[in-house]
Each structure stands twice: as structure tokens, then as C-alpha cells.
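The next block holds one structure in the form of C-alpha cells; read it before the comments.
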Protein chains: 2
Amino acid sequence: MTPVASSIDPDACAVRIIDHDKVATARARMISDGEAQQLTELFRLLGDPTRVQILYALVEVGELCVCDLAAVVDAPETSVSHALRLLRTAGVVRNRKSGRMVYYSLNDAHVRLLLDVSAEHLRHEPNQW
Amino acid sequence: MTPVASSIDPDACAVRIIDHDKVATARARMISDGEAQQLTELFRLLGDPTRVQILYALVEVGELCVCDLAAVVDAPETSVSHALRLLRTAGVVRNRKSGRMVYYSLNDAHVRLLLDVSAEHLRHEPNQW
DNA sequence: ATGACATCTGAAGACATGACCATATGTTGC
DNA sequence: GCAACATATGGTCATGTCTTCAGATGTCAT
């Protein structure tokens, strides 16, 4: 056959594809880059013991000030404050000021759902995802 | 008992507590350190665009080989292989060898549920957690 | 056996992240 | 105003993570 052109695939640069159908299906249903970005940002926020414990504490008691959160998760208040800023910037928690205290609470039920699903699994099959 | 103990709190070192009841409740219901550790390890795995896209691809089409996954997520095969090793070590995916190909698939329905909950939220309220 | 192929592995560099300290801001009560 | 307090912020430093490269392993076809 054509000695030069037959092996060149227009949009596959140095990536070989075995099952074109599955690849096409997966690409069609794949989340967009922007969505993947948003998702990973959330999961990164949840990927820290201090932050995840803060969120669980808020799930349980609804609203807590910084120093109480520090007592609950047993971390320095500065660390908790930093953690809360990240969570607040991402829109995961909100804060309410009352005098010199600042009370934090969850901002969205979906995060609560995520944490519940995760905790649920932990209790049932602790050693396997 | 100890004569001078009234102001000394046994396990609170230099942490002031405002609402003792809420703190006690939160501490009682708090996930353990080990559980927090496991949870954060999972969320860290999900906190990377390549890995999360790989998982979504597997959710959609069930099983894919490394080079097809690389085509779907548009990343070098080496990166995908590294990503898959982390996911496999954590028990999130499993692999099946067939000749020189290696096919990967999800290992647990709970991760699928987590991804579904997340994607669901992304579609409904894309800008707020 | 030889070469082409699919995947894996280890290591090095760029890069991001978390912990800690000092300090700044804003609030309350005197 | 001043001092004590609750929280926030910025900088530095050590640590960890992702990407990439070069090469290793195991498989298939000739």
C-alpha cells in the first residue's frame, strides 16, 4: 500500500489506540477539562487530615468557632485558620462573625453527602476502595 | 484529688474552649485518626486531573487498556501508567492481563458512587460547593 | 532469536503544599 | 486609650508530588 502515509493518524500524536469504539465513547462522555479541574480542586481540599476533620466536626455540630474547632481536631489555631481560609475561598464553608468570634459552618449539602458516602464506606469495608 | 486542679484541663494544652458542650459532642462523634488517614488518602488520589479522568473513563466504559486510557485522557502513557499504579496500590482499580495488554477497571462501587455524587453536583451548581 | 510492541519502573528536576513563627487586624472591657 | 483576646495574614523552610526521561520487563510475530 502507500508506503508513507498509511501509518499516520490525524489526531493521534504518538498515541496508539487499540479499541477505537471504547475510546470514542469514553471521550464523548468524559467530563470537560474545566469540570475535571473543579473536581480535583475539591478533592484536594478533602485530601488533608486537618481539613477533613474540620468538615466532619461541622457536619456533626453545625457551627463552631475557630478555637473550638482547634480543640476538636487537636491542631494549632493558626493551622485551623489557614485550613478554614482555603475551605471558605473554595465555597465549601461559610463564616458568621459575632464580636471577636468567627463561627464556621458547611455551605453546601453536597459536601455533606460526599463525606457521608465516604464515612459509610469506611465503616463497612475499611480496607478496600 | 489534686488540690490546685480547677483551672487545669487535662488534655487541653494552651487551647481555649468556648462551647464545651459542642466540642465534647464533636470530639465524641469525630472520626478516628486512622479513619481520617484513610479518607484523606482516597481524596488525595482523586485530587489529580489525570487520575480523576481515568476513573471517569472507567466508569463510562468499564475496562480499558493503558494506551487507550492515555488516548482518552490525552496524557503520555507513562503518566497514565504511574497514575494507575497509585490507584491499583490503593485498591481503587484492578487490572487484568491479556497478552502484552493490561486492562484496568474500577474495583469498588463506592468510588463510582463518590464520582457520581460529585459529577451530579458539578452539573447542577457548577460554581459552588 | 530478533525486532516491534505494551507496559512498568526508577530517578531527577520543577513545582506545589503544609507547618510554623511572627505579626497584623479587629473586638471587648476597663 | 490600653490590654487581653480571637482570628487572620505573610514569609520561610522542609517535605511531598507530578512530569518526564531512560531503560527494564515481558509478549507477540516472523
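Numbered from 1 within each chain, the chains take letters A, B, ... in sequence-line order.
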- Query: Are any non-hydrogen side-chain atoms of A/Arg94 and A/Tyr104 less than 4.5 angstrom apart?
  - Reply: no
- Item | Which nucleotide in D/dT7, D/dT19, C/dC8 has an atom nearest any side-chain atom of B/Ser79 | D/dT19
- Query: Tell me: CG of A/Asn95 to C1' of C/dG26, nearest whole Å?
  - Reply: 14 Å
- Item | Side chain of B/Thr78 (C-beta onward), nearest among D/dC18, C/dT9, C/dG18 | C/dT9
- Message: Below the 4.0 Å mark, does C/dT7 have OP1 or OP2 next to a side-chain nitrogen or oxygen of B/Ser81?
- Response: no
- Grab the two heavy atoms, one from B/Ala70 and one from B/Pro76, that are nearest each other, plus how far apart they are. CB-C, 4.4 Å
- Measure from CD on A/Glu77 to C1' on C/dG26 and round the result to the nearest Å. 16 Å
- Applying the 4.5 Å side-chain criterion to the ILVMFWY set and letting contacts propagate, would B/Leu42 and B/Val59 be lumped into a single cluster? yes
- Task: Enter the distance from A/Asp48:CG to A/Gln53:CD here, rounded to the nearest 0.5 Å.
- Result: 9.0 Å
- Message: Without decimals, in angstroms, what is the distance between B/Leu86 CG and D/dG16 P?
- Response: 15 Å
- Query: What nucleotide, of C/dT7, D/dA8, C/dT9, holds the atom closest to the side chain of B/Arg88?
  - Reply: C/dT9
- What is the distance, rounded to the nearest whole Å, between atom NZ of B/Lys97 and atom P of D/dC28? 12 Å
- Task: Report the residue (A/Val66 or A/Arg44) whose heavy-atom-nearest nucleotide on DNA chain D is the more 5′ of the two.
- Result: A/Val66
- Please state how far atom CZ in A/Phe43 lies from atom P in C/dT17, giving the value in whole angstrom units. 17 Å
- Between D/dG16, D/dT7, D/dC21, spot the one nearest the side chain of A/Cys65, thanks. D/dT7
- Note on the structure: Whole-Å distance, B/Leu84 CG to D/dC18 P, equals 14 Å
- Message: I want to confirm an ordering. Mapping A/Ser98 and B/Tyr103 to their closest nucleotides on DNA chain C, which one lands closer to the 5' end?
- Response: B/Tyr103
- Query: Whole-Å distance between D/dA4 P and A/Arg100 CZ?
  - Reply: 12 Å
- Integer-rounded Å distance: C/dT7 P and A/Ile17 CD1: 12 Å
- Query: Under 4.0 Å between a side-chain N or O of A/Tyr104 and OP1 or OP2 of D/dA6?
  - Reply: no
- Message: Starting the side chain at C-beta, find the nucleotide from D/dT17, C/dC8, C/dA6 nearest to B/Met101.
- Response: C/dA6
- Would you check if A/His82 stacks with the base of D/dT9, given a 5.5 Å centroid limit and a 30° plane limit, both strict? yes
- Item | Shortest side-chain distance from B/Asp48, nucleotide among D/dC5, C/dT7, D/dT19 | D/dT19
- Any A/Lys22 side-chain heavy atom under 4.5 Å of B/Glu63 side chain: yes
- Query: Given C/dT9, D/dT7, C/dC20, which nucleotide is nearest the side-chain atoms of B/Arg85?
  - Reply: C/dT9
